[in-house]
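For reference, the structure discussed in these notes is given below.
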Amino acid sequence: MSKLKIAVVGGGNIGSSLAFDCALRGHDVVVIEKNGLSCEQSKERIMETANYAPLFSPLAKGKTPEMILQNIVWQQDLQAISDCELIVENITENIELKQALYARMAEFIAPDAVLAANTSCIPITKLGSFHHSPSQVIGVHFMNPVYLKPTVEVIIGLNTSEQTQERCLEQLSILGKNAVVVKDSPGFVSNRISHLFMNEAAFTVQDGVALPEDVDAIFKGCFGHKMGPLETADLIGIDTVVNSLDVLYLMFQDSKYRVCPLMRTMVDAGHLGRKSGKGFYTYTHHN
């Protein structure tokens with residue numbers, strides 16, 4: 001199996017999960033963070049995942065956290081992406097921040113590298129317009145936790161080249177992922193549907209129709225979902241869900257994407273889900 005050199009730009013929840021998955025499979029990973037504190041937080045997230053991953057993944061059995069982490073380095077300098085074949089952008093779902101990042105990355109990205117946007121809802125064609133070579137930009141939507149999700153959503157922007165698409169699909173195959181290819185649209189398939197799902201679940205709690213655990217119990221017990229919509233929102237991060245819904249509302253100008261006020265209040269209160277220890281549920285530790 002080929003060994004890839006992968007850059008993960010932004011080591012938040014999903015970025016750290018992706019870095020862990022790639023390192024678990026023996027690939028070289030560089031995580032790019034904005035400062036030293038963010039680097040340390042990313043390391044802590046990955047170390048925690050490495051400790052409990054053997055309980056869930058056959059691939060992790062027999063591997064110590066140290067064995068996995070030796071494949072990862074943390075950097076604050078974007079120049080570290082210059083020798084990477086696959087660069088996955090994972091920063092906050094904010095168009096202005098992404099535009100500034102893509103302009104900075106342009107100086108260092110190799111001409112034959114794949115720039116994969118792991119965005120929640122922003123169209124790939126829009127992100128590609130921020131890069132000097134839009135043909136290199138493709139959407140790759142990894143799901144959390146990455147090491148337990150064998151399928152990814154791949155989004156083809158209007159300017160994404162066939163060469164980029166072929167390279168990306170080959171790289172994903174090396175990473176053990178099945179790719180489902182879709183066309184570009186705000187939210188693509190997964191988040192265009194799932195964020196409505198989580199938002200409406202929040203409305204049922206806000207309206208006093210049901211408690212969070214009852215909402216989730218219905219979808220797990222009646223429909224066979226592994227996680228309910230509110231557990232999923234807590235895993236993703238309530239702030240991320242709110243930001244993504246705001247993007248969908250902006251792009252579609254459709255009132256069905258208006259954010260449930262309860263979730264905005266939760267964000268204001270710092271109740272962001274698993275990462276803060278409290279969301280729709282209370283957690284004894286942060287994932």
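Just so we're clear, the structure is a prediction, and the values are computed from it rather than from any experiment. Residue numbers run from 1 in the order of the sequence given.
No more than 12 heavy atoms of other residues, nucleotides or ligands shown are found within 6.0 angstrom of CD on Glu170. Annotation for Glu162: atom CD does not count as buried by contact number, only 12 or fewer foreign heavy atoms lying within 6.0 Å. For NZ of Lys126, the number of neighbouring non-hydrogen atoms (other residues, nucleotides, ligands) closer than 6.0 Å is 12 at most. Shown here is Gln163, whose CD atom has no more than 12 heavy atoms of other residues, nucleotides or ligands within 6.0 Å.
A 4.5 Å side-chain heavy-atom check between Phe108 and Ile87 finds every atom pair outside the cut-off. The shortest distance between side-chain heavy atoms of Glu85 and Val114 does not fall below 4.5 Å. Residues Pro145 and Thr49 are not in side-chain contact: their nearest non-hydrogen atoms beyond the backbone lie 4.5 Å or more apart. Contact of the Ile124 side chain with the Phe188 side chain is registered, since non-hydrogen atoms from C-beta on lie closer than 4.5 Å. Val181 places a side-chain heavy atom less than 4.5 Å from the side chain of Leu169. A 4.5 Å side-chain heavy-atom check between Leu148 and Phe56 finds at least one atom pair inside the cut-off. Between Gln41 and Leu37, the closest side-chain pair of non-hydrogen atoms falls below 4.5 Å. A 4.5 Å side-chain heavy-atom check between Met251 and Val247 finds at least one atom pair inside the cut-off.
Side-chain contact of Ser161 with Gln136: a donor-acceptor pair under 3.5 Å is absent, judged by distance alone. Defined by atom type and a distance below 3.5 Å, a donor-acceptor pair is missing between the side-chain atoms of Thr265 and Asp268.
The cluster map of Ile, Leu, Val, Met, Phe, Trp and Tyr, joined by side-chain heavy atoms under 4.5 Å apart, puts Leu172 and Phe20 in the same cluster. Both Val137 and Phe130 belong to a single network of hydrophobic side chains, linked directly or stepwise wherever heavy atoms of I, L, V, M, F, W or Y lie under 4.5 Å apart. No chain of hydrophobic side-chain contacts below 4.5 Å, direct or via other Ile, Leu, Val, Met, Phe, Trp or Tyr residues, connects Val154 to Leu127. In the hydrophobic cluster analysis, where Ile, Leu, Val, Met, Phe, Trp and Tyr join through side-chain heavy atoms closer than 4.5 angstrom, Leu4 is grouped together with Val88. Residue Trp74 is grouped with residue Ile6 when hydrophobic side chains (ILVMFWY) are merged at heavy-atom distances under 4.5 angstrom, including chains of intermediate members.
Here the closest heavy-atom approach between residue Gln76 and residue Cys39 is recorded as CG-SG, 4.1 Å. The two residues Asn71 and Ala23 have their closest heavy-atom pair at ND2-O, 3.0 Å. The shortest heavy-atom contact between Glu33 and Gly10 is OE2-C, 3.9 Å. For the residue pair Lys3 and Gly26, the shortest heavy atom distance occurs at CE-O, 3.1 Å. Counting all heavy atoms, side chain and backbone alike, Ile14 lies closest to Val146 at CD1-CG2, 3.8 Å. Taking every heavy atom of both residues into account, Leu86 and Leu175 meet most closely at CD2-CD1, 4.1 Å.
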Exercise for review: Could you check Val140 against Lys177 for side-chain contact (heavy atoms from CB on, under 4.5 Å), going step by step and ending with a plain yes or no?
Suggested key: CA-CA 11 Å; Val140 182; Lys177 302 300 181 188; over 6 Å; no
**Study point:** Trace of the side-chain contact (heavy atoms from CB on, under 4.5 Å) decision for Asp184 with Leu158
**Key:** CA-CA 7 Å; Asp184 195 18; Leu158 288 182; 5.7 Å; no
Review point. Does the pair Arg264 and Asp246 meet the rule for a side-chain contact (heavy atoms from CB on, under 4.5 Å), with working shown?
Key: CA-CA 11 Å; Arg264 283 210 196 276; Asp246 282 340; 2.6 Å; yes
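Taking CG of Leu250 as the reference point, atom CD1 of Ile122 lies at 9.5 Å (rounded to 0.5 Å). Considering NE2 of His141 and NZ of Lys149, their distance stands at 11.0 Å, rounded to 0.5 Å. Atom-to-atom distance recorded for Lys98:NZ and Met105:CE is 9.0 Å, nearest 0.5 angstrom. To the nearest 0.5 Å, atoms SG (Cys84) and CG (Leu115) are separated by 11.5 Å. Taken to the nearest 0.5 Å, the OG1 atom of Thr164 stands 7.0 Å off from the CD1 atom of Ile138. Going from atom OG1 of Thr64 over to atom CG of Asn51 covers 9.5 Å, rounded to the nearest 0.5 Å.
Residues passing the side chain to side chain contact (heavy atoms under 4.5 Å, CB included) test with Asp112 are Ala110, Arg167, sequence neighbours excluded. In this view, Thr92 and Asn94, Leu97, Asn243 satisfy the side chain to side chain contact (heavy atoms under 4.5 Å, CB included) rule, not counting sequence neighbours. With sequence neighbours left out, the ring pair (Phe, Tyr, Trp, His ring centres under 6.0 Å) criterion links Tyr257 to Phe252. Residues forming a side chain to side chain contact (heavy atoms under 4.5 Å, CB included) with Gln206 (at least two apart in sequence, or on another chain): Phe203, Cys260, Pro261, Leu262. Annotation: side chain to side chain contact (heavy atoms under 4.5 Å, CB included) contacts of Ser16 (sequence neighbours excluded): Ser42, Arg45, Ile46.
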What pairs of donor and acceptor atoms, side-chain ones from residues 215-239 against any protein atom, are under 3.5 angstrom apart with sequence neighbours left out?
from, atom 1, to, atom 2, distance (Å)
Asp216, OD1, Leu230, N, 3.0
Asp216, OD2, Glu231, N, 3.1
Asp216, OD2, Tyr281, OH, 2.5
Lys220, NZ, Glu231, OE1, 3.3
Lys220, NZ, Glu231, OE2, 3.1
Glu231, OE1, Gly228, N, 2.8
Thr232, OG1, Gly228, O, 2.8
Asp234, OD1, Phe280, N, 3.0
Asp234, OD2, Phe280, N, 3.1
Asp234, OD2, Tyr281, N, 3.0
Asp234, OD2, Tyr283, OH, 2.7
Asp239, OD1, Lys275, NZ, 2.9
Asp239, OD2, Lys275, NZ, 3.1

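With Gln75 contributing its side chain and Ala80 its backbone, the two residues share no donor-acceptor pair below 3.5 Å. Using modelled atom types, one side-chain atom of Lys61 and one backbone atom of Pro54 make a donor-acceptor pair closer than 3.5 Å. Under the 3.5 Å distance criterion, the side-chain polar atoms of Glu153 are matched with a main-chain donor or acceptor of Ser190. Proximity of a side-chain donor or acceptor of Ser244 to a complementary backbone N or O of Cys121 within less than 3.5 Å is not detected. When atom types are taken as modelled, the side chain of Asn159 and the backbone of Pro134 share no donor-acceptor pair closer than 3.5 angstrom. In this structure, Thr204 contributes its side chain and Ala210 its backbone to no donor-acceptor pair below 3.5 Å.
A salt bridge links Asp21 and Arg25; the closest N-O separation between the charged side-chain nitrogens and carboxylate oxygens is under 4.0 Å.
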